[in-house]
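Heads up: the structure comes next, in structure tokens.
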Amino acid sequence: MPVQPRVDLESLPDYVAGRTVPGAIKLSSNETPGGPLPSVARAIAEATTDLNRYPDPTVGKLAARLADKLDLPKEQIAVGCGSVALCHQLMHAMCAPGDDVVFAWRSFETYPIAAGIACANAIRVPLDATHTHDLDAMAEAITPRTRVVMVCNPNNPTGTANRRAELDAFLDKVPSDVLVVLDEAYREFVSDPEVPDGIEYVRTRDNVAVLRTFSKAYGLAGLRVGYFAGPKQVADALRKVYVPFSVNSLAQIAAMACLDAESELLARCETLVAERDRVRAELIDAGYDVPDSQANFVWLPLGDKAFEFSEHTLANKVVVRAFQPDGVRVTVSHPEENDLFLHAARSYRRSS
Ligand SMILES: *Cc1c(COP(=O)(O)O)cnc(C)c1O
């Protein structure tokens with residue numbers, strides 16, 4: 001008999017990354033346009049001389065910087081090889097086989113994969129009619145088997161965000177032994193003041209955690225670094241299931257250089273947010289339905305036309321991300337790239 005990997009893995013979806021097509025503009029992975037800041041690139045270049053050494057396995061300096069920035073004890077921080085890796089660690093750290101993980105759907109595609117690899121049940125709760133997390137339904141989906149609830153705020157791929165009042169009400173309903181993880185990969189693009197900073201909840205509630213990343217607003221998607229802030233015992237467990245040395249030394253150095261240049265990076269986000277609002281307004285003007293986005297992308301709920309739309313923009317040299325049969329996610333970029341996308345979106349309307 002041939003060797004046989006776990007049979008249940010066959011039923012798990014593969015993680016599908018946004019496509020890269022040579023010669024086309026890539027608006028399919030929510031990356032920030034423009035390379036790293038010169039100061040960050042310099043710090044990375046200087047650190048290459050030490051690449052014969054292992055990285056700090058505790059990621060101590062970066063964790064201390066983050067603790068300082070967030071005004072939390074260092075013990076409540078865990079740094080990971082991207083927040084995708086932290087998601088996997090969370091499932092391993094929290095779930096025994098057969099436990100439940102509750103999340104909205106459609107949401108970030110890592111959740112069902114990470115839950116499945118950890119032998120946990122993925123419980124999907126449909127988004128509401130406005131493409132937003134239905135927090136009442138999510139609270140109702142919690143059972144004695146539930147260990148973790150993922151709340152992607154703002155939600156990937158729809159860009160919608162839940163506000164403070166509804167999150168407060170939701171958290172009041174969640175049992176104290178269920179961990180609520182606010183995935184705030186896009187926090188830096190939130191412009192609605194009613195959307196709370198999840199760190200406030202980490203400070204005031206014992207069962208709330210936040211995931212953040214350097215991949216989006218900080219522009220380090222290629223280096224892989226993200227972090228968790230939450231209950232100390234969960235952070236400890238995440239460190240236990242951490243793959244040793246997986247946050248590499250360049251990632252650690254680059255993330256700290258980003259924190260040094262934070263105001264410059266956040267100014268870039270403001271420009272991007274203005275572009276996001278312009279892109280949305282122009283799409284609505286062209287006849288599209290586009291939910292309010294608090295992230296660096298917009299969502300077109302095109303249903304089963306999603307794939308067709310993405311093929312049309314591709315023919316116009318713009319790569320977007322189709323989630324057949326729900327809709328299309330389009331990353332906001334520089335104005336010239338956004339204009340090329342808008343041009344393709346208008347011509348699709350005329351041709352369909
Ligand atoms: C992009 C993204 C992440 C970040 O992933 P990294 O592994 O840190 O690159 C996490 N959560 C969501 C919802 C995302 O969209």
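Only a predicted model underlies this, so the values are computations on that prediction, with no experimental measurement involved. Both counts, for ligands and for their atoms, begin at 1 and track the order of listing.
Contact atoms of ligand 1 toward Val84: 5 (O), 6 (P), 7 (O) (distance under 4.0 Å to a heavy atom of the residue). Short contacts between ligand 1 and Asn156, defined as distances under 4.0 Å to a heavy atom of the residue, involve ligand atoms 13 (C), 14 (C), 15 (O). Residue Thr213 approaches ligand 1 through these ligand atoms, each under 4.0 Å from one of its heavy atoms: 4 (C), 6 (P), 8 (O), 9 (O).
With hydrogens and angles disregarded, a donor-acceptor distance shorter than 3.5 Å links the side chain of Asn162 to the backbone of His133. A distance-only check finds no donor-acceptor pair linking the side chain of Arg42 to the backbone of Leu37 [under 3.5 Å].
The shortest heavy-atom distance from Gly226 to ligand 1 is not under 4.0 Å.
Backbone and side-chain nitrogen or oxygen atoms of Phe108 are examined, and none is located within less than 3.5 angstrom of a nitrogen or oxygen of ligand 1. Checking only distances, Asp183 does come within under 3.5 Å of ligand 1, N or O to N or O. For the pair Ser215 and ligand 1, the shortest N or O to N or O distance falls below 3.5 Å.
Of all protein heavy atoms, the one closest to atom 14 (C) of ligand 1 is Lys216 NZ, 3.2 Å. Among all non-hydrogen protein atoms, the one lying nearest atom 15 (O) of ligand 1 is Tyr186 OH, 2.6 Å.
Partners of Val21 under the side-chain contact (heavy atoms from CB on, under 4.5 Å) rule, at least two apart in sequence or in another chain, are Ala24, Leu314, Val319.
Side-chain contact annotation: Tyr186 with Asn155, donor-acceptor N/O pair under 3.5 Å absent.
Taking the ring centre of Tyr288 as origin, the terminal cationic atom of Arg349 falls inside the region bounded by 6.0 Å and 45° from the ring axis.
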